[in-house]
Protein chains: 2
Amino acid sequence: MPTVKDVAKRAGVSVATVSRVLNNSNKVSEETRQKVLKAIEELGFKPNLLARNFRRDKSNLILVILPTIANAYFARVVKGIEDTARKYGYGILLCTTGNSPEIASDYLKLIERKQVDGAIIASAKISKDALLEIDPKKIVQACEFYPFLDTSCVLIDHKKAFFEIVDYLIKKGKKNILCAIGNEGIPSEEERKEGYRQALEKNGMEFKEENIIRCRYGSTEIYEKLKTLICSKKYDAVACSSDLMAVGAIKAAKAVGLKIPDEFAVTGFDNIMISRLYEPSITTVAQPMYEIGEKATEILISSLENNSFSKERVILPHDIKTRESA
Amino acid sequence: MPTVKDVAKRAGVSVATVSRVLNNSNKVSEETRQKVLKAIEELGFKPNLLARNFRRDKSNLILVILPTIANAYFARVVKGIEDTARKYGYGILLCTTGNSPEIASDYLKLIERKQVDGAIIASAKISKDALLEIDPKKIVQACEFYPFLDTSCVLIDHKKAFFEIVDYLIKKGKKNILCAIGNEGIPSEEERKEGYRQALEKNGMEFKEENIIRCRYGSTEIYEKLKTLICSKKYDAVACSSDLMAVGAIKAAKAVGLKIPDEFAVTGFDNIMISRLYEPSITTVAQPMYEIGEKATEILISSLENNSFSKERVILPHDIKTRESA
DNA sequence: CTGTTAGCGCCTTCAG
DNA sequence: CTGAAGGCGCTAACAG
């Protein structure tokens, strides 16, 4: 593999000049530039990014940490991140943790070790002390906000969104609304639960802890629990914290023989493809997934490059998608 | 940031010894090792991977190129790649091309430039000349095999799989089977079409080009085309080249009022989650997605590290999943 | 506008 | 078992 030195020799210039041409410095005469380009061409020279990055103390890589990409929600967020990173000349190093904080910690070490310039944490579980030594301006949180992590963040207003969709159910005449929420310890899930509570209270209904169903976000495991509950015919709706939960809920309602949405209404959250394709199609909260990824990346790169850290808390708008299930 | 030099000074040893400790060389006395570890601890030293990678001429990064991760099929393949890469100490640099060969080419340049050690191309469209200068042992193809790309590969037998599922439809008594296939120029799609043809011929049925429906792999756009076709009631089944196509096909059959599977049967391909969740659930070909990613990664890393290139052509087993739609 | 030169941090012979 | 020293390829002062 030829190096700048070889190119320099061939072009009859110094390595500094070759480097200038490589980096589009304008302090090179057109004539010299051409000579250098010719030598590069002839030798088939390719810059060694390992050397360049080392010298510049910069990897141009962004670490992306999230629980999974099997869920279409995160897949879409990643697309927003990737496109934006590419636009600014960065690549993305992908880490799906399956919610293991240990895996997340291991990857986060890459920041201090300079394998990556910074990280976007999209809703992945992180242990607090994994972050002790990391410069907060090198991290942006997306989708989710862990307050103990003092970084910029980009997400929607989960409480408000859930409030709105429950309020929608109530306006549709539903009187006994269940709430299916992800497992505990995740801030956005607690926010959504609070939105549910506030919607009930605003409409003069009583909030009961027993009406909260806890189940995994990215699965349909709600099915069994719900089927048992709704046999009683006491309930006429469930507001779910994800579209996959909603699918499970619809299956349960069908299994019990309830007509959707009249006898039993179901709402989802996220607006991933399945909510549109499923039958019945699912009324849900559309999150601006791509835009969350995009904005988070822009904030991170700007923070990385300007070296000016202003903690940003960005709330992006959501949107209720009314469909057949409610 | 402290460097090996600082650690050496603090521990009262040479940088070589520090380096030995860092790399678990056994040629260090336990006593010295402890001194060094103590100094590392006290200084909060973190090895600079930019420097190490440069020095070792190795990035420990694998490039993963695929059309999209919005499709659960690829998301699962990526998981297999990521887990395996991690196991061997590699990270993955993700590139989703949306089937743009230009984007793929840009990223592939990272191999010669040493930003990555090698690449897995999972079914992404590549232009042949993007690869001219790349060492074939640094690339493994997954899911798909472009023969002009003379590399190792890991995939299923697409022809056989499609043959089997069409044969299954015939055994179920279907007489006029349509075939929905992805757009042209993709080897696996042509293989599948050939499997369709052979299944018909084996059963004494006539293959007609007009019974081939071309449509995008990752979408339900088949819906419109199919709805028009099946109004005639001439057809009693469609074998689709993806589960999402199958969803579109089922919607079309429902729209026309055909009973599934008796009046109209539908099969998918891939066995992604939606094929299990949809109603009716979809009979499909299960691809070993995770294992494809896993195996491809193992081959790549072994080829990278042993520097011994044996072109491997790995065909993994598939499996017909019988469900409600056929 | 161009060249000389000094490292960046680490690993790895080679000597001892 | 340990230390000294060279150098990976590139960039960026600095000098001219």
Side-chain angles (χ1 to χ4, degrees), chain A residues 1-40 43-61 89 109-117 305, chain B residues 1-40 43-61 89 109-117 305:
Chain A
M1 269 280 109
T3 72
V4 279
K5 219 167 163 181
D6 301 316
V7 175
K9 198 178 296 171
R10 176 124 191 166
V13 300
S14 73
V15 290
T17 300
V18 175
S19 179
R20 286 186 190 105
V21 172
L22 251 24
N23 295 291
N24 297 312
S25 159
N26 49 7
K27 296 168 193 164
V28 181
S29 75
E30 192 48 31
E31 194 192 335
T32 313
R33 159 172 267 104
Q34 290 308 329
K35 271 197 302 190
V36 172
L37 290 176
K38 186 155 162 281
I40 288 174
L43 293 171
F45 167 83
K46 321 276 181 205
N48 181 332
L49 297 182
L50 246 25
R52 172 181 291 174
N53 291 342
F54 166 51
R55 182 56 235 255
R56 290 194 179 151
D57 199 29
K58 188 140 186 5
S59 65
N60 273 53
L61 242 36
K109 289 184 186 139
L110 296 179
I111 298 180
E112 312 164 79
R113 298 174 182 208
K114 314 225 177 186
Q115 174 91 283
V116 300
D117 293 336
E305 302 201 336
Chain B
M1 271 278 106
T3 71
V4 280
K5 217 168 163 180
D6 302 315
V7 175
K9 199 177 296 170
R10 176 125 192 166
V13 300
S14 73
V15 291
T17 300
V18 176
S19 179
R20 287 187 188 104
V21 172
L22 251 24
N23 296 292
N24 297 312
S25 159
N26 47 9
K27 297 168 191 163
V28 180
S29 74
E30 192 48 32
E31 192 192 338
T32 313
R33 159 174 268 106
Q34 289 307 329
K35 273 197 302 190
V36 173
L37 289 176
K38 184 154 165 281
I40 288 175
L43 292 171
F45 166 82
K46 321 277 180 203
N48 181 331
L49 296 183
L50 245 25
R52 171 181 292 175
N53 291 343
F54 167 51
R55 181 55 234 257
R56 291 191 178 157
D57 199 29
K58 187 135 182 14
S59 64
N60 274 53
L61 242 36
K109 288 185 186 138
L110 296 179
I111 297 180
E112 312 164 78
R113 298 176 180 205
K114 314 221 175 187
Q115 173 89 286
V116 300
D117 293 336
E305 302 201 335

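Residue numbers begin at 1 in each chain, while the letters A, B, ... track the order of the sequences. Just so it is clear, the model here is predicted, and its values are computed rather than measured.
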Fill in: side-chain contact (heavy atoms from CB on, under 4.5 Å) assessment of Val21(B) paired with Thr32(B)
CA-CA 9 Å; Val21(B) 172; Thr32(B) 313; 5.8 Å; no

Worksheet item: Which listed nucleotide (dT12(C), dA13(D), dG9(D)) is nearest to the side chain of Ala16(B)?
Response: dT12(C)

Worksheet entry | Per Ser19(B) side chain, nearest of listed nucleotides dC10(C), dT2(D), dC11(C) | dC11(C)

Discussion item. Heavy atoms only, 4.0 Å cut-off, all strands: where does Arg20(A) land among base, sugar-phosphate and nothing?
Written reply: base

Worksheet item: Can you check whether Thr17(B) has a side-chain N or O nearer than 4.0 Å to OP1 or OP2 of dG3(D)?
Response: yes

Item to complete: Would you sort out whether Arg52(A) and Asn23(A) count as a side-chain contact (heavy atoms from CB on, under 4.5 Å), showing the intermediate values?
Response: CA-CA 11 Å; Arg52(A) 172 181 291 174; Asn23(A) 295 291; 4.0 Å; yes

Discussion item. Rounded to whole Å, please give me the gap between CG in Leu49(B) and P in dC8(C).
Written reply: 18 Å

Worksheet item: Base, sugar-phosphate alone, or nothing: which one does Val13(A) contact when heavy atoms must sit under 4.0 Å apart?
Response: sugar-phosphate

Item to complete: Compare the minimum distances between each of dT2(C), dC10(D), dC11(C) and the side chain of Phe45(A), then state the nucleotide with the smallest one.
Response: dC10(D)

Discussion item. Taking 4.0 Å as the cut-off, does a side-chain nitrogen or oxygen of Arg56(A) come that near to OP1 or OP2 on dC10(D)?
Written reply: no

Discussion item. Without decimals, in angstroms, what is the distance between Gln34(A) CD and dT2(C) C1'?
Written reply: 17 Å

Fill in: Nucleotide of dT4(C), dC1(D), dC10(C) approaching Val15(A) most closely (side-chain heavy atoms)
dT4(C)

Discussion item. Expressed as a whole number of angstroms, how long is the span from Leu50(B):CG to dG9(D):P?
Written reply: 16 Å

Worksheet item: Going through the checks in order, is the side-chain contact (heavy atoms from CB on, under 4.5 Å) test met by Arg20(A) and Val36(A)?
Response: CA-CA 10 Å; Arg20(A) 286 186 190 105; Val36(A) 172; over 6 Å; no

Worksheet entry | For atom CZ of Arg52(A) and atom C1' of dA12(D), their distance in whole Å | 13 Å

Practice prompt. Kindly point out which of dT2(D), dC11(C), dC10(D) is positioned nearest to the side chain of Pro47(A)?
Written response: dC10(D)

Worksheet item: Atom NZ of Lys58(B) and atom P of dG9(C): how far apart are they, to the nearest Å?
Response: 23 Å

Fill in: Lys114(A) to Leu50(B) - nearest heavy-atom pair and separation
O-CD1, 3.2 Å

Fill in: Step-by-step side-chain contact (heavy atoms from CB on, under 4.5 Å) determination, Asn48(B) to Met1(B)
CA-CA 9 Å; Asn48(B) 181 331; Met1(B) 271 278 106; over 6 Å; no

Worksheet, complete the sentence: From NZ of Lys9(B) across to C1' of dA4(D) the rounded distance in Å is 16 Å

Worksheet entry | Given DNA chain D, 5'-ward residue of the pair Ala51(B) and Thr32(B), judged by closest heavy atom | Thr32(B)

Discussion item. Nearest to the side chain of Val28(B), heavy atoms from C-beta on, is which of dT2(D), dG3(C), dC10(D)?
Written reply: dT2(D)

Practice prompt. Would you classify Asn53(A) as touching base, sugar-phosphate or nothing, given that sugar-phosphate means primed atoms plus P, OP1 and OP2, and contacts are heavy atoms under 4.0 Å?
Written response: nothing

Discussion item. Using the side-chain heavy atoms of Leu22(A), tell me which of these nucleotides is nearest: dG9(C), dT11(D), dC1(D).
Written reply: dT11(D)

Discussion item. Applying the 5.5 Å / 30° rule, does Phe54(B) stack onto the base of dC10(C)?
Written reply: no

Practice prompt. Tell whether Arg55(B) reaches the base of dG9(D) with its side chain through a donor-acceptor pair below 3.5 angstrom.
Written response: no

Worksheet item: Where do Lys5(A) and Val15(A) come nearest, in terms of heavy atoms and distance?
Response: CA-CG1, 3.7 Å

Discussion item. At 4.0 Å (heavy atoms only), tell me whether Asp57(B) reaches a base, stays on the sugar-phosphate, or touches nothing.
Written reply: nothing

Worksheet, complete the sentence: Rounded to whole Å, the NZ-P distance (Lys5(B) to dG3(D)) equals 16 Å

Worksheet item: Separation of Asn23(A) atom CG from dA13(D) atom P, in whole Å?
Response: 13 Å

Worksheet entry | Given dT4(C), dT11(D), dC1(D), the nucleotide with the shortest approach to the side chain of Ser14(A) | dT4(C)

